[in-house]
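See below for the structure under consideration.
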Amino acid sequence: VQLQAYGGGLVQAGGSLRLSCAASGRTFNTYAVGWFRQAPGKERESVVAISPSGGSKYYADSVKGRFTISRDNAKNTVYLQMNSLKSEDTAVYYCAARPGGIRYTKGEYGYWGQGTQVTVSS
């Protein structure tokens, strides 16, 4: 499966952005998808993840209540709605996929899209 992430940009603190991860392949509905982010000088960290059906979701504590992950398997797309953005959310955001169930760690994802930059100005 090939992934393409887009939707990043520059937003003021408190604002919102929606990222999209578009996938190729007819079996996308059998893949869990995660969003990860990497800030300058920091390791890539898990942000959110969603199971193949969308029935199970994972949120890092730092984004709970502000970010929402969803997917539309008919469109082969996963969305990340980010609200109440903070300066500490500034990072390059990557989407990744793995066949099977939801996982939280980057090492368990074998398919990665290119990153999309999110910059939150305070």
Side-chain angles (χ1 to χ4, degrees):
V1 61
Q2 293 183 320
L3 306 172
Q4 183 175 6
Y6 57 95
L10 174 64
V11 64
Q12 288 188 331
S16 298
L17 279 175
R18 188 176 82 158
L19 305 184
S20 298
C21 177
S24 63
R26 294 176 293 176
T27 60
F28 180 65
N29 60 0
T30 65
Y31 285 74
V33 174
W35 283 96
F36 297 79
R37 66 186 181 187
Q38 188 166 19
K42 295 187 177 180
E43 289 196 6
R44 192 170 300 187
E45 64 176 0
S46 177
V47 179
V48 296
I50 190 167
S51 62
S53 68
S56 295
K57 301 176 184 180
Y58 160 80
Y59 293 94
D61 287 343
S62 59
V63 304
K64 280 181 181 176
R66 301 188 298 121
F67 289 13
T68 303
I69 189 171
S70 61
R71 66 188 297 160
D72 184 341
N73 285 336
K75 296 182 177 180
N76 277 13
T77 303
V78 171
Y79 304 99
L80 178 60
Q81 179 66 42
M82 305 185 296
N83 298 328
S84 302
L85 282 161
K86 305 175 181 180
S87 58
E88 51 262 45
D89 295 318
T90 295
V92 178
Y93 284 70
Y94 300 88
C95 61
R98 67 177 307 276
I102 190 172
R103 295 291 187 273
Y104 319 137
T105 57
K106 59 183 182 292
E108 298 192 78
Y109 285 80
Y111 301 90
W112 291 81
Q114 88 293 353
T116 184
Q117 176 72 47
V118 172
T119 302
V120 183
S121 63
S122 56

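- Stacking of Arg66 on the aromatic ring of Tyr59 is not recorded, the 6.0 Å distance cut-off and the 45° axial limit not both being met.
- Within the 4.5 Å cutoff, the side chain of Ser20 has heavy atoms near those of the Tyr6 side chain.
- Shown here is Gln114, whose CD atom has more than 12 heavy atoms of other residues, nucleotides or ligands within 6.0 Å.
- Looking at Gln38, Arg37, Gln117 one by one, the single match for side chain to side chain donor-acceptor pair (under 3.5 Å) with Tyr93 turns out to be Arg37.
- Asp61 and Lys64 are joined by a salt bridge, as a carboxylate oxygen and a charged side-chain nitrogen come within less than 4.0 angstrom of each other.
- A 6.0 Å sphere centred on NZ of Lys57 holds more than 12 heavy atoms belonging to other residues, nucleotides or ligands.
- A heavy-atom distance below 4.5 Å is found between the side chains of Val118 and Leu19.
- Taking the ring centre of Tyr109 as origin, the terminal cationic atom of Arg103 falls outside the region bounded by 6.0 Å and 45° from the ring axis.
- Each of Val47 and Tyr94 belongs to its own hydrophobic cluster when Ile, Leu, Val, Met, Phe, Trp and Tyr are linked at side-chain heavy-atom distances under 4.5 angstrom.
- A donor-acceptor pair is defined here as one N or O able to donate and one able to accept, closer than 3.5 Å; no such pair exists between the side chain of Thr119 and the backbone of Leu10.
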Starting from the C-alpha separation in whole Å, work towards a yes-or-no answer on side-chain hydrogen bond (donor to acceptor under 3.5 Å, both in side chains) for Asn83 and Ser16. CA-CA 4 Å; Asn83 298 328; Ser16 298; 2.9 Å; yes
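- The two atoms that bring Thr90 and Ala39 nearest to each other are O-CB, 3.7 Å, heavy atoms only.
- Put simply, the side chain of Arg71 gets close to the backbone of Ser51: a donor and an acceptor are under 3.5 Å apart.
- Using modelled atom types, one side-chain atom of Thr77 and one backbone atom of Lys75 make a donor-acceptor pair closer than 3.5 Å.
- Nearest approach of Leu3 to Tyr111, heavy atoms of both residues: CD1-O, 3.5 Å.
- A continuous path of Ile, Leu, Val, Met, Phe, Trp and Tyr side chains, each step under 4.5 Å between heavy atoms, connects Val11 with Met82, placing both in one hydrophobic cluster.
- Pairing each heavy atom of Ser24 with each of Asn76, the nearest pair is C-ND2, 4.1 Å.
- Pro99 approaches Tyr31 most closely through the heavy-atom pair N-CD2, 3.4 Å.
- For Phe36 and Trp112, the ring centers sit closer than 6.0 Å to each other.
- You'll find the ring centres of Tyr58 and Tyr104 inside the 6.0 Å limit.
- Side-chain atoms of Ser122 never come within 3.5 Å of backbone atoms of Ser87 as a donor-acceptor pair (strictly under, hydrogens ignored).
- Side-chain contact between Tyr79 and Thr68 is absent, with no heavy atoms from C-beta onward closer than 4.5 Å.
- Side-chain atoms of Asn73 come within 3.5 Å of backbone atoms of Pro52 as a donor-acceptor pair (strictly under, hydrogens ignored).
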